[in-house]
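What's counted below: heavy atoms across the whole structure, side chains too, no hydrogens, waters or symmetry copies. Labels below follow one simple rule: chain letters A, B, ... track the order of the sequence lines, proteins then strands, and each chain is numbered from 1. Everything quoted here is computed from the prediction, not taken from an experiment.
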Protein chains: 2
Amino acid sequence: MKSDFNAYNYLLQHDIKPSVQRLAIINYLYEHRTHPTADEIYAGLIDQIPTLSKTTVYNTLNLFHQQAAILALTIDDKNVRFDIDTSDHAHFKCLNCAKVFDVPAVLDSVTSVALEHGFVVTEKHLYLKGYCSSCNESPNK
Amino acid sequence: MKSDFNAYNYLLQHDIKPSVQRLAIINYLYEHRTHPTADEIYAGLIDQIPTLSKTTVYNTLNLFHQQAAILALTIDDKNVRFDIDTSDHAHFKCLNCAKVFDVPAVLDSVTSVALEHGFVVTEKHLYLKGYCSSCNESPNK
DNA sequence: TATCAAATTTCTAATCATTACAATTTTATA
DNA sequence: TATAAAATTGTAATGATTAGAAATTTGATA
Ligand SMILES: [Mn+2]
Ligand SMILES: [Mn+2]
Ligand SMILES: [Zn+2]
Ligand SMILES: [Zn+2]
């Protein structure tokens with residue numbers, strides 16, 4: 001079954017000129033909701049686009065982030081992770097299996113406190129860490 | 001005026017054996033609430049302890065974090081920042097001047113959602129990004 | 001269609017925060 | 001004091017990300 005995601009229009013809507021590489025990367029993010037790293041995206045596309053450069057992956061992800069087409073998550077201190085879902089939600093990282101899960105969340109109350117301080121808020125990130133249900137049942141220590 | 005913070009007892013309370021270096025680092029964090037990086041802490045202490053090694057700073061901060069004596073903030077994708085204040089609060093990073101500010105916050109509601117998913121939560125981080133009141137008034141673009 | 005400039009991609013090397021590892025020093029204990 | 005364990009240090013390695021220049025592609029225009 002073919003994806004109903006229109007990558008081309010998605011990029012245009014965020015003032016990003018489409019290209020083969022950009023379309024492949026945004027499609028990858030649409031299809032892989034695991035919050036992949038730049039390296040994982042590169043590895044996932046190199047067979048499909050053998051000329052792809054890792055620099056292009058980084059440049060493109062930074063461009064997408066600038067244009068607010070994706071989120072850049074710093075829940076991991078080693079790698080930045082990327083997310084096509086820019087809606088209001090939190091993330092949970094398992095300290096055992098390293099997976100990053102989505103968690104429903106509403107963050108309006110905190111934002112309003114920041115506004116009272118005179119801050120202009122452009123990004124909100126709520127990161128939870130601990131142990132996921134799988135790892136909690138059978139810890140790998 | 002001398003600080004009323006008992007660094008020695010603070011470390012003992014977190015099952016950390018005190019040493020000259022460890023006391024200096026925890027005192028630095030007590031006195032500098034700017035969420036400094038490991039490098040800033042090293043630079044701030046090298047005159048006081050000329051033999052101090054940057055490796056020791058990293059080792060010590062990791063130990064403090066393991067023992068839950070401090071927070072390790074990944075609000076910045078370049079450097080980890082450290083905070084002696086382990087109470088429930090959020091952080092705001094200015095994208096212009098790069099300062100990291102404290103913001104009051106209560107995150108219980110989100111944690112409860114995570115618990116419903118079977119997650120065991122050990123850390124909560126709420127990061128806001130945007131422009132602080134100083135930079136907002138006179139943007140440096 | 002040929003030409004040219006701008007935009008994009010690519011390659012390579014650099015950067016730089018953090019860690020690995022082995023050697024040295026300090027501390028605790030017998 | 002002798003010895004082992006713990007902590008600190010110095011150096012080199014690691015690895016994600018970026019810088020910068022060269023190559024390729026795109027798009028407009030003649
Ligand atoms: Mn997500
Ligand atoms: Mn803080
Ligand atoms: Zn897990
Ligand atoms: Zn600012």
Side-chain angles (χ1 to χ4, degrees), chain A residues 7-8 11-12 14-28 35-67 69-82 93 95 98 100, chain B residues 7-8 11-12 14-28 35-67 69-82 93 95 98 100:
Chain A
Y8 195 91
L11 294 186
L12 289 184
H14 291 88
D15 294 311
I16 299 162
K17 205 187 292 181
S19 72
V20 170
Q21 292 84 351
R22 289 170 180 177
L23 290 166
I25 291 170
I26 202 67
N27 266 316
Y28 186 93
H35 313 98
T37 64
D39 201 65
E40 287 168 347
I41 296 168
Y42 173 81
L45 294 175
I46 189 60
D47 286 340
Q48 175 183 333
I49 306 175
T51 60
L52 184 64
S53 161
K54 203 173 279 186
T55 300
T56 298
V57 176
Y58 277 103
N59 289 343
T60 301
L61 291 167
N62 288 341
L63 173 67
F64 289 0
H65 180 221
Q66 276 176 214
Q67 299 301 114
I70 62 173
L71 299 182
L73 310 182
T74 59
I75 196 171
D76 192 317
D77 57 323
K78 297 296 168 200
N79 308 285
V80 180
R81 295 175 166 276
F82 299 92
K93 183 190 174 190
L95 299 173
V100 175
Chain B
Y8 195 91
L11 294 187
L12 288 184
H14 291 89
D15 294 311
I16 298 162
K17 204 187 292 181
S19 72
V20 170
Q21 292 85 349
R22 289 171 180 178
L23 290 167
I25 291 170
I26 202 68
N27 265 315
Y28 186 93
H35 313 96
T37 64
D39 200 65
E40 286 167 349
I41 296 168
Y42 173 81
L45 294 175
I46 188 61
D47 287 341
Q48 177 184 331
I49 307 175
T51 59
L52 185 64
S53 162
K54 202 173 280 187
T55 301
T56 298
V57 176
Y58 278 103
N59 289 343
T60 302
L61 291 167
N62 288 341
L63 174 67
F64 288 0
H65 180 221
Q66 276 177 214
Q67 298 301 114
I70 63 173
L71 299 182
L73 310 181
T74 58
I75 196 171
D76 190 318
D77 57 323
K78 298 295 168 200
N79 308 287
V80 180
R81 295 175 166 277
F82 299 92
K93 183 189 175 192
L95 298 174
V100 175

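Reading DNA chain C from its 5' end, the first and the last nucleotide to sit under 4.0 Å from a heavy atom of chain B are C:dA17 to C:dA20.
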Can you tabulate the close N/O pairs, meaning under 3.5 Å, that link protein atoms to atoms of nucleotides 24-29 of chain D?
none

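Between A:Asp76 atom CG and A:His35 atom NE2 the span is 12.5 Å, to the nearest 0.5 Å.
The shortest non-hydrogen separation linking B:Thr37 to B:Phe82 is C-CD1, 4.4 Å. Considering every non-hydrogen atom in both A:Pro36 and A:Tyr28, the closest pair reads CG-CE2, 4.0 Å. Residues A:Ile25 and A:Val57 come closest through the heavy atom pair CD1-CA, 4.0 Å. Residues A:Val80 and A:Ala72 approach most closely at CG1-CB, 3.9 Å, considering heavy atoms. The two atoms that bring B:Pro18 and B:Leu12 nearest to each other are CD-CD2, 3.6 Å, heavy atoms only.
Here A:Lys78 does not reach the OP1 or OP2 of D:dT14: none of its side-chain N or O atoms lies under 4.0 Å away.
Residues of residues 40-56 of chain A that place a heavy atom closer than 4.0 Å to DNA chain D, in numerical order, are A:Thr55.
Rounding to whole angstrom units, CG of residue A:Asp76 and P of D:dG15 are separated by 14 Å. D:dA7 atom P lies 12 Å from atom CG of B:Asp15, rounded to whole Å. Remark: P of D:dA13 and OH of B:Tyr58 are 18 Å apart, rounded to the nearest angstrom. Straight-line distance from the CG atom of B:Asn59 to the C1' atom of D:dT8: 8 Å, rounded to whole Å. Rounded to whole Å, the distance from CG on A:Asn62 to P on D:dT17 is 9 Å.
Screening residues 45-66 of chain B for salt bridge (charged side-chain N to carboxylate O under 4.0 Å, His left out), with sequence neighbours left out, gives B:Asp39-B:Lys54. Screening residues 55-67 of chain A for side-chain hydrogen bond (donor to acceptor under 3.5 Å, both in side chains) gives A:His65-A:Glu123 as the qualifying pairs, with residues at least two apart or on separate chains.
A donor-acceptor contact shorter than 3.5 Å links the side chain of B:Thr74 to the backbone of A:Thr74.
Looking at residues two or more places apart in sequence or on another chain, you find a side chain to side chain contact (heavy atoms under 4.5 Å, CB included) between A:Ile49 and A:Val20, A:Ala24, A:Thr51, A:Leu52.
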Passes side-chain contact (heavy atoms from CB on, under 4.5 Å), B:Leu63 versus B:Arg22? Steps please. CA-CA 10 Å; B:Leu63 174 67; B:Arg22 289 171 180 178; 3.5 Å; yes

